[in-house]
Amino acid sequence: RSFARSLLGLLGFIFWGTAAAQMFGGVSVILMFKNYRYLFQESYLSLPGWLALATALTLLPTGVLAVSISVKCSRNQQGTLMYLLLLLLCLEMSSAALARSYCVRTASQLEGAMGFLVHQHNWTCFQDPGKSAVDVIQRKLQCCGIHNYKDWLKASSSLYHPACVPESCCKEKHSHCRGDLGHVEQLSEEGCLKKLEDQLCFAMLYIFWCCTVLSILELLAGVSNGILMRRQPFHELRIL
């Protein structure tokens with residue numbers, strides 16, 4: 001019982017810290033899908049982020065109850081803690097499952113969406129407005145094309161375009177770059193598809209592993225709380 005009490009108090013403090021980690025992951029996923037909303041048509045893809053935020057907010061009172069019970073046992077608090085732990089377990093398993101499946105599903109959609117943006121982009125050498133969605137992505141991620149700059153040559157093969165790419169392909173350190181293919185060293189080497197996939201999967205896997213670790217900690221908290229509740233008379237636990 002003394003070990004269970006100490007472990008429950010320690011887990012209460014850990015829950016406060018992990019609430020910040022969950023909030024960071026949730027906000028990152030929500031902002032990522034908001035920034036690249038023209039690539040993802042389905043609004044529900046940010047659901048793992050919102051579930052992570054709900055988990056973070058629920059972790060705060062759960063940590064308070066765990067610390068309070070470790071100091072002085074209260075039957076009502078112990079019952080409420082069990083309910084919160086069950087709620088958290090449901091939230092985290094849902095968030096982890098969605099994050100894992102969306103990582104695979106959305107990665108397969110990215111190539112088609114990026115290809116559409118590249119082929120509909122209209123630019124002229126030295127007169128590139130640079131305000132389209134694909135320009136924003138290329139500047140933000142410092143990338144060029146879907147796989148590399150050659151994708152722009154394929155996209156313009158049916159039109160008359162000189163040998164150039166949009167100025168958003170230029171590296172930041174080359175301020176005089178105008179997308180001229182005579183100076184390929186001034187262009188970003190990597191394509192945008194890989195960078196987008198890496199960013200997406202990192203955010204989703206971050207939530208997945210946070211939820212997995214938190215679920216194990218919550219099971220420990222539930223077992224510790226159950227050990228402390230064993231000595232309570234049954235009729236006094238009717239709140240359960």
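Numbers here simply count residues along the sequence, with the first being 1.
C192-C144 SG separation is not under 2.5 Å; the pair is not scored as a disulfide.
With a 4.5 Å cut-off on side-chain heavy atoms, L200 and E197 do not count as touching. L59 places none of its side-chain heavy atoms less than 4.5 Å from the side chain of W16. Considering only heavy atoms from C-beta on, R100 stays 4.5 Å or farther from M204 through its side chain. Contact annotation: the side chain of P166 approaches that of D135 to within less than 4.5 Å [non-hydrogen atoms, C-beta and beyond]. Taking 4.5 Å as the limit, every side-chain heavy atom of L88 sits out of range of all side-chain heavy atoms of F15. You'll find the side chain of Q78 stays beyond 4.5 Å of the side chain of M82, heavy atoms only. Side-chain contact between F33 and V29: present, with at least one pair of heavy atoms (C-beta onward) separated by less than 4.5 Å.
In this structure, L193 CG and L141 CG are separated by 11.0 Å, a value rounded to the nearest 0.5 Å. The CG atom of L187 sits 12.0 Å away from the SG atom of C143 when rounded to the nearest 0.5 Å. Rounding to the nearest 0.5 Å gives a distance of 6.5 Å between CE of M114 and CD of Q138. Going from atom OG of S95 over to atom OH of Y102 covers 10.0 Å, rounded to the nearest 0.5 Å. Summarising the geometry, atom CD1 belonging to I69 is positioned 4.5 Å from atom CG belonging to L81; distances are rounded to the nearest 0.5 Å.
Counting all heavy atoms, side chain and backbone alike, Q77 lies closest to S68 at OE1-OG, 3.0 Å. Across all non-hydrogen atoms, the minimal contact from L228 to R1 is O-NH1, 3.3 Å. Of all heavy-atom pairs between A19 and L60, the closest is CB-CD2, 3.9 Å. Of all non-hydrogen atoms in I207 and G25, the two that sit nearest each other are CD1-O, 3.7 Å.
Two different hydrophobic clusters hold F24 and L205 under the rule that ILVMFWY side chains link at heavy-atom gaps under 4.5 Å. Residues L219 and L8 do not share a hydrophobic cluster, defined by chaining ILVMFWY side chains whose heavy atoms lie under 4.5 Å apart. Under the 4.5 Å side-chain contact rule for hydrophobic residues, L85 and L10 share a cluster. When hydrophobic clusters are built by joining Ile, Leu, Val, Met, Phe, Trp and Tyr residues whose side-chain heavy atoms come closer than 4.5 Å, directly or via intermediates, L84 is not grouped with V67. When hydrophobic clusters are built by joining Ile, Leu, Val, Met, Phe, Trp and Tyr residues whose side-chain heavy atoms come closer than 4.5 Å, directly or via intermediates, V64 is not grouped with L220.
Using a 4.0 Å cut-off between a side-chain N of Lys or Arg and a carboxylate O of Asp or Glu, E189 and K171 qualify as a salt bridge.
Under the 4.5 angstrom side-chain criterion for Ile, Leu, Val, Met, Phe, Trp and Tyr, the cluster partners of M23 are V27, I30, L31, W50, L53, L57.
Judged as a side-chain hydrogen bond (donor to acceptor under 3.5 Å, both in side chains), the pairs with a partner in residues 199-225 (not counting sequence neighbours) are, in order, Y36-Q199, E92-S215.
When the options L51, L214, L91 are evaluated for a side-chain contact (heavy atoms from CB on, under 4.5 Å) with Q22, the one that passes is L214.
Side-chain atoms of K195 come within 3.5 Å of backbone atoms of Q142 as a donor-acceptor pair (strictly under, hydrogens ignored). With hydrogens and angles disregarded, a donor-acceptor distance shorter than 3.5 Å links the side chain of T62 to the backbone of T58. At least one donor-acceptor pair under 3.5 Å links the side chain of S188 to the backbone N or O of C169.
Legend: residues meeting disulfide (SG to SG under 2.5 Å) with C211, ordered by chain and number and at least two apart, are absent.
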